[in-house]
There are 2 protein chains.
Amino acid sequence: MSPLPPADPALLAATARTIRGLSMDAVQAADSGHPGAPMGMAEMATVLWTRVLRYDPADADWPDRDRVVLSNGHASMLLYSILHLAGVRSATLPALTLDHLRNFRQLHSPTAGHPEYGHVAGVETTTGPLGQGIANGVGMALAEAWLRERFGADLVDHHTWVFVGDGCLMEGISQEAISTAGHLGLGRLNVLYDDNRITIDGATDLSFSEDQTARFRASGWEVLSVDGHDAAALEQAMLAARAQQERPTLIRCRTTIGKGSPAKAGTSDSHGAPLGADEIVRSKQQLGLDPAEHFAVPADVTGFVRGRDAERAATREAWQERLAASEHGDDFARYHSAPDLGAVQWPSFEVGTNLATRKSSGAVLNAIAAQVPQLLGGSADLAGSNGSLLKGFDYVQAGAMGGRNLAFGVREHAMGAICNGLALHGGVQPYCATFLVFHDYMRPSVRLASLMGLPVVYVYTHDSVFVGEDGPTHQPIEQLMAMRTIPGLRVMRPADAAESAAAWKLALERTDGPTALALTRQGLPVLDRGPGKLASADQAAQGAYVLSPAAGAARACIVATGSEVPLALDAQARLAADGVPVQVVSMPCWELFEEQDASVQDAVLPPGLPTVSVEAGITFGWSRWADAHVGIDRFGASAPGAKVAAYLGLTADAVVGAVRGLL
Amino acid sequence: MSPLPPADPALLAATARTIRGLSMDAVQAADSGHPGAPMGMAEMATVLWTRVLRYDPADADWPDRDRVVLSNGHASMLLYSILHLAGVRSATLPALTLDHLRNFRQLHSPTAGHPEYGHVAGVETTTGPLGQGIANGVGMALAEAWLRERFGADLVDHHTWVFVGDGCLMEGISQEAISTAGHLGLGRLNVLYDDNRITIDGATDLSFSEDQTARFRASGWEVLSVDGHDAAALEQAMLAARAQQERPTLIRCRTTIGKGSPAKAGTSDSHGAPLGADEIVRSKQQLGLDPAEHFAVPADVTGFVRGRDAERAATREAWQERLAASEHGDDFARYHSAPDLGAVQWPSFEVGTNLATRKSSGAVLNAIAAQVPQLLGGSADLAGSNGSLLKGFDYVQAGAMGGRNLAFGVREHAMGAICNGLALHGGVQPYCATFLVFHDYMRPSVRLASLMGLPVVYVYTHDSVFVGEDGPTHQPIEQLMAMRTIPGLRVMRPADAAESAAAWKLALERTDGPTALALTRQGLPVLDRGPGKLASADQAAQGAYVLSPAAGAARACIVATGSEVPLALDAQARLAADGVPVQVVSMPCWELFEEQDASVQDAVLPPGLPTVSVEAGITFGWSRWADAHVGIDRFGASAPGAKVAAYLGLTADAVVGAVRGLL
């Protein structure tokens, strides 16, 4: 990349000043928000966008653009301001207007309090919950490196830039992300640290005194330190970071929060509340802005920020020509599309075989991997137990991006957020795996995947007290239900190998949100569905279906999930022997069943038919579908799984008793 | 402390060998478990217990004992072995017998797969989910320092020792804990790192390459490195760590996992599965144990481990004499008892005043703090917003433990685990605070508090979409329900200031588990309960109660929580005006209502009476109590709170409509 001619310092300063003015005005108009961080980071954003960033404002979806993440999402006005000045837009999202900025934090305006993915062109991820963004950035940088290995620098040649604040670096997830990025040698990941020494409660020295330079270096990062208000120094540091391709780089930018505010700069007063009309007047005076003007955007500033747009467009067009001419063109498109499962040779499972769903899941995953080259994932140090390894493929390692298995280490939280970053980047279909009980460790990232509608797949094995001897700390009780409470997350708990295959198919066909698979440690029989039944993928797609009709007019219904379906069938047989016909419903997915028409729901769970639910977890929530419940409303115990289940009353006897209690 | 005479190296070696033998045998007998870590850490435990640790095996509850945490809880056989050898017991829990070890991981044996608090004397906390233990240790060391400031070294003079493995140090929570401990200068916290370079999936270099020495030093720790199999070097390092009182100390113990196993030492094969009978024979041969013997405990080993018991007892007795003679004796007992709320001057709140429950909570908290000196807590950098600051008290800081406010920084996960450590240590009644949506960040620690039955109080403010402009990332939707799924956690959502006070009272009177308070950002009217009503504490203790009876024979019931109770009252008034009498039930706590007799439940929510639930969150689960639901089954939006609520249909109109729909 040839060096740019020097920028006019006056225009750089005017741009930063304009960002400060817009940020103050928008927060004041909203009567809520965070002016301090955007004012402190105004030069950082100005230099990045005007001097360093690879992007074309006319196409925010260009695959080879640099990615920018605002991990300290409360500084949203920084991002909105610069995106407005740059005129960033995409095929589906218009550029931010001044009216959007005037309606900061208002209903139906895309300028939400924290940046939201899919609302504004140029917002690469939803941030706000601290620490998530830096881990998203690790995922994006990993996707870039992994795709560059496959398609070459002609087609994949961009960088990832992440703004972080002190809060992000206090959150534990940041350490997991930093450690992972250093280990993988993600040299194109560059983090811009707004080192302002202020948090909401006051100076950071109230609670935060570690040496960030030493901390990052301990994880193999390059660390540069600059005055965050010195545009020339910032540019030099960013260019050095971009040139450093072996290691990720942290640029410590020493800044003053709320810079420009005479009374509140450098204090936590500027962090999370409007400066106030009077202080804004004084700030504008100090900054050289006209206090009478609000939401002022001088033409020379937009002219400056957009001054290289023709060159930016040409760069993108040249890339598109290379793509069109590339032998990899079809493959590139394939990687960047939803997985095509048409050619998958689904494994077959023999009826009656005893097979844990984690194992059938592993077989299915490997069958899919052979046909879906963009499938990339791994486990938080439980690959063998989770059945999540893609056999015949290497682990991805620093400088060796040819593999397709990721070793996340015991870092569930970053694993979730890195998968969000992989999905957001595009070109990768991510999945990740751990024990179900450790969903709790990564829940904030799962929530964000649901909020953003990202097609991440979670492989959660060891899904009940049948974990056994590892005891209550490792036995999920409430996790299934707690996952079902998350809007947009699809939770699938297959009852056997056939439903496992169906669950994977549905998960990968879904493009608008994440799917969690809850899988057993213990063996389960491959069920005999008999001839002429619906294919299990269609059945599973319905969320629930009559697996085994009553032998006669049903007097009751047993609805079960996963490993409790065989238990329900056992109870059905016992009741039938006593002349009580009941039907058994397998319900692999509540969310899909909720989406069905009432007529479908009523056919599966007839209104008025006494119904018992059976699930090896908390019964909380099952009132939605059943009148009586067999489950586990306490923490588990350490013993062989079957003994724990019997001890806790999860037995066919209990199911029979519950049915009889309703008759 | 005068130095001990040197130990007999042969006896130290025999003790370590015995631990290895017990660990191999127990895992083999259970046919599951983790032999590698106990075998690798055998010398570490031997030296700690025989040469360094301050404890009396006859009284595992002695307040001035050293605390030991096994953060890598899968190494449970290490702890069980040494506790057995030492004969550790308490007033309520007997010493572990060989039969307990033979029944490792079996039903009703206290030797669970992972160590469980309250089952075995000497197990100071439940571990297994990695990284929790080191943060518990920070809490324990903090409690020690805080109590020493109050009672002097005559009564409080102990250390906290934490075993950690690579997995603990990969988890983000460990960074939060390390950073906090360094910041607070917890010099009596000493961490013993089992640096064996192996995790489940293989060598740590698969995913973990940071420099731990540099990482800890960056947070202000002292770091020592030793050969983890050299008893003399271990003793020297532990004594140096104990002498270092300004900074916490990490002792990197370079070890070989599975040491003693000819075929599996140094490999992940020894991590999580029995070695196998043949390999155990070979291992015992290599170690100098008799392969024909199982669960062998030579008399000279117990003799050695227990050789200083008289001295240990004398130390404890001397302490008890000092306590009996101390002017602080009564206070010491008071700190170590459940909070006595008898003298609290509860604030009064004027009916009709508009007051956010976070604010009434803050007033109540401060009133309690004045009378409950052991109350210690703080916020994850949201003290002002959470109303969690104890006014007139300082922040606790390094070398200045006189304060009563903790600044946890933006570290929710460690905050939860540190509070567990404070509660486990005793002498402190902990509470902590953040926004409700960030419960997700600390959920694994809340689960463990529930599992252990610790009386931690969580102050979760900004409990709904009424958060407003911060948008969906900051608006809880599913968190209330997700908390209710955790067994043993009590979730209270007060409807006004009176219920806030009742919630605090109930939370602090509870001794067998944690309580989460869900509190509003926005103002709520202090409700008029009229003369002659039950006191609200009694009403709240019932979990739900008729707040406003129907004006006439009730045709329906509206059950609401928190900020939706005024909405329910509004709907009631509108329906009354239309000649439809309905009763309004306030339900501050599901769990308490679940505990009531059916007669009480039926009096509040009469069976057959059409019932509508109203809560500003997901309706999932409300089928348990109501026939129709007004709630929010999607993520929120960024706008002023009232506008978001109206946009999402959380209105009195909607409640009226739902009631009419049932009639």
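Just so it is clear, the values below take in all heavy atoms, side chains as well, and ignore hydrogens, waters and symmetry mates. Here is how names work: the chains are called A, B, and so on, in the same order as the sequence lines, proteins then strands, and each is numbered from 1. Source: prediction; values computed, not measured.
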Q: Go through A:L130 and A:M170 one step at a time and tell me if the side-chain contact (heavy atoms from CB on, under 4.5 Å) criterion holds.
A: CA-CA 9 Å; A:L130 295 174; A:M170 288 195 231; over 6 Å; no

Q) When you look at B:Y395 and B:L406, which way does the side-chain contact (heavy atoms from CB on, under 4.5 Å) test go after all the steps? A) CA-CA 6 Å; B:Y395 273 106; B:L406 299 174; 5.9 Å; no

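- When heavy atoms are compared at a cutoff of 4.5 Å, A:Q475 approaches chain B solely by way of its backbone atoms N, CA, C and O.
- With a threshold of 4.5 angstrom between heavy atoms, A:S219 approaches chain B through its backbone and through its side chain.
- Proximity to chain B is limited to the side chain of A:L448, based on heavy atoms less than 4.5 angstrom apart.
- Annotation: maximal heavy-atom pairing with chain B below 4.5 Å, among A:A214, A:S638, A:P640, occurs at A:S638.
- In this model, a donor atom of one side chain and an acceptor atom of the other lie less than 3.5 Å apart for A:E210 and B:Q175.
- At a 4.5 Å heavy-atom cutoff, B:V446 makes no contact with chain A through either its backbone or its side chain.
- Only the backbone of B:T127 comes within less than 4.5 Å of a heavy atom of chain A; no side-chain atom from C-beta onward does.
- Within the 4.5 angstrom heavy-atom criterion, only side-chain atoms of A:W590, from C-beta onward, approach chain B.
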Q: Evaluate the side-chain contact (heavy atoms from CB on, under 4.5 Å) criterion for residues B:L169 and B:R215: first the C-alpha distance (whole Å), next the side-chain angles of each, then the deciding distance (0.1 Å), finally the verdict.
A: CA-CA 10 Å; B:L169 298 187; B:R215 175 188 174 197; 3.7 Å; yes

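- Taking A:H439, A:M483, A:Q132 one by one and counting their heavy-atom pairs under 4.5 Å with chain B, the maximum is reached by A:Q132.
- In terms of heavy-atom proximity, B:A398 sits nearest to B:G185 at CB-N, 3.9 Å.
- For the options B:P444, B:A177, B:S174, B:S379, heavy-atom pairs under 4.5 Å to chain A are most numerous at B:P444.
- Residue contact with chain B, scored on non-hydrogen atoms closer than 4.5 Å, involves the side chain of A:Q397 exclusively.
- With a threshold of 4.5 angstrom between heavy atoms, B:A30 approaches chain A through N, CA, C or O but not through any side-chain atom.
- For the options B:S207, B:G172, B:A639, heavy-atom pairs under 4.5 Å to chain A are most numerous at B:S207.
- Counting heavy-atom pairs closer than 4.5 Å to chain A, the top residue among B:G128, B:G384, B:G471 is B:G128.
- Looking at A:L107, both its backbone and its side chain come within 4.5 Å of chain B, counting heavy atoms on both sides.
- The pair A:R411-A:D381 does not count as a salt bridge, with every side-chain nitrogen at least 4.0 angstrom from each carboxylate oxygen.
- Contact detail for A:P487 and A:S450: the closest heavy-atom pair is O-CB, 3.3 Å.
- Using a 4.0 Å cut-off between charged side-chain N and carboxylate O, B:R443 and A:E412 make no salt bridge.
- With chain B as partner, the option from A:L451, A:D31, A:D633 having the largest number of non-hydrogen pairs under 4.5 angstrom is A:L451.
- A:L648 places a side-chain heavy atom less than 4.5 Å from the side chain of A:I632.
- Salt-bridge annotation for B:R484 and A:E478: absent, with no side-chain N of the basic residue lying under 4.0 Å from a carboxylate O of the acidic one.
- For the pair B:R105 and B:E116, the salt-bridge criterion is not met [side-chain N within less than 4.0 Å of a carboxylate O].
- The structure places OG1 of A:T485 at 11.5 Å from CG of A:L480, a figure rounded to the nearest 0.5 Å.
- Heavy atoms of A:R624 lying under 4.5 Å from chain B belong to its backbone as well as its side chain.
- Highest contact tally toward chain A, considering only B:G113, B:A637, B:G182, B:S623, is held by B:S623 [criterion: heavy-atom pairs under 4.5 Å].
- Highest contact tally toward chain B, considering only A:A383, A:S209, A:P129, is held by A:P129 [criterion: heavy-atom pairs under 4.5 Å].
- Looking at B:S179, the atoms closer than 4.5 Å to chain A (heavy atoms on both sides) sit in the backbone and in the side chain alike.
- Contacts of B:F208 with chain A are made by both backbone and side-chain atoms, with heavy-atom separations under 4.5 Å.
- Counting only N and O atoms by type, the side chains of B:E171 and A:H413 include no donor and acceptor under 3.5 Å apart.
- Between chain B and the options A:F435, A:F216, A:F620, heavy-atom pairs under 4.5 Å are most frequent for A:F620.
- Among A:I618, A:L389, A:L206, A:I477, the residue making the largest number of heavy-atom pairs under 4.5 Å with chain B is A:L206.
- Interface remark: B:H183 contributes backbone and side-chain atoms alike to the contact with chain A (heavy atom separation under 4.5 Å).
- One finds no salt bridge joining A:D211 and B:R217 here, because no Lys/Arg side-chain nitrogen approaches an Asp/Glu carboxylate oxygen to under 4.0 Å.
- For A:Q212, no part lies near chain B; criterion is any non-hydrogen pair under 4.5 Å.
- Among B:K643, B:M481, B:H108, the residue with the largest count of heavy-atom pairs under 4.5 Å with chain A is B:H108.
- Contacts of A:R447 with chain B are made by both backbone and side-chain atoms, with heavy-atom separations under 4.5 Å.
- Just one of B:H114, B:H34, B:H74 meets the ring-ring contact (aromatic ring centres under 6.0 Å, His included) condition when paired with A:H474; it is B:H114.
- Between A:V396 and A:N405, the closest side-chain pair of non-hydrogen atoms is not below 4.5 Å.
- Interface remark: A:S76 contributes no atoms to any contact with chain B (heavy atom separation under 4.5 Å).
- Annotation: salt bridge (charged side-chain N to carboxylate O under 4.0 Å, His left out) contacts of A:D166 (sequence neighbours excluded): none.
- Proximity to chain B (any heavy atom under 4.5 Å) is shown, for A:Y441, by both the backbone and the side chain.
- Only the side chain of B:S32 comes within less than 4.5 Å of a heavy atom in chain A; its backbone stays farther off.
- Contacts of B:F635 with chain A are made by both backbone and side-chain atoms, with heavy-atom separations under 4.5 Å.
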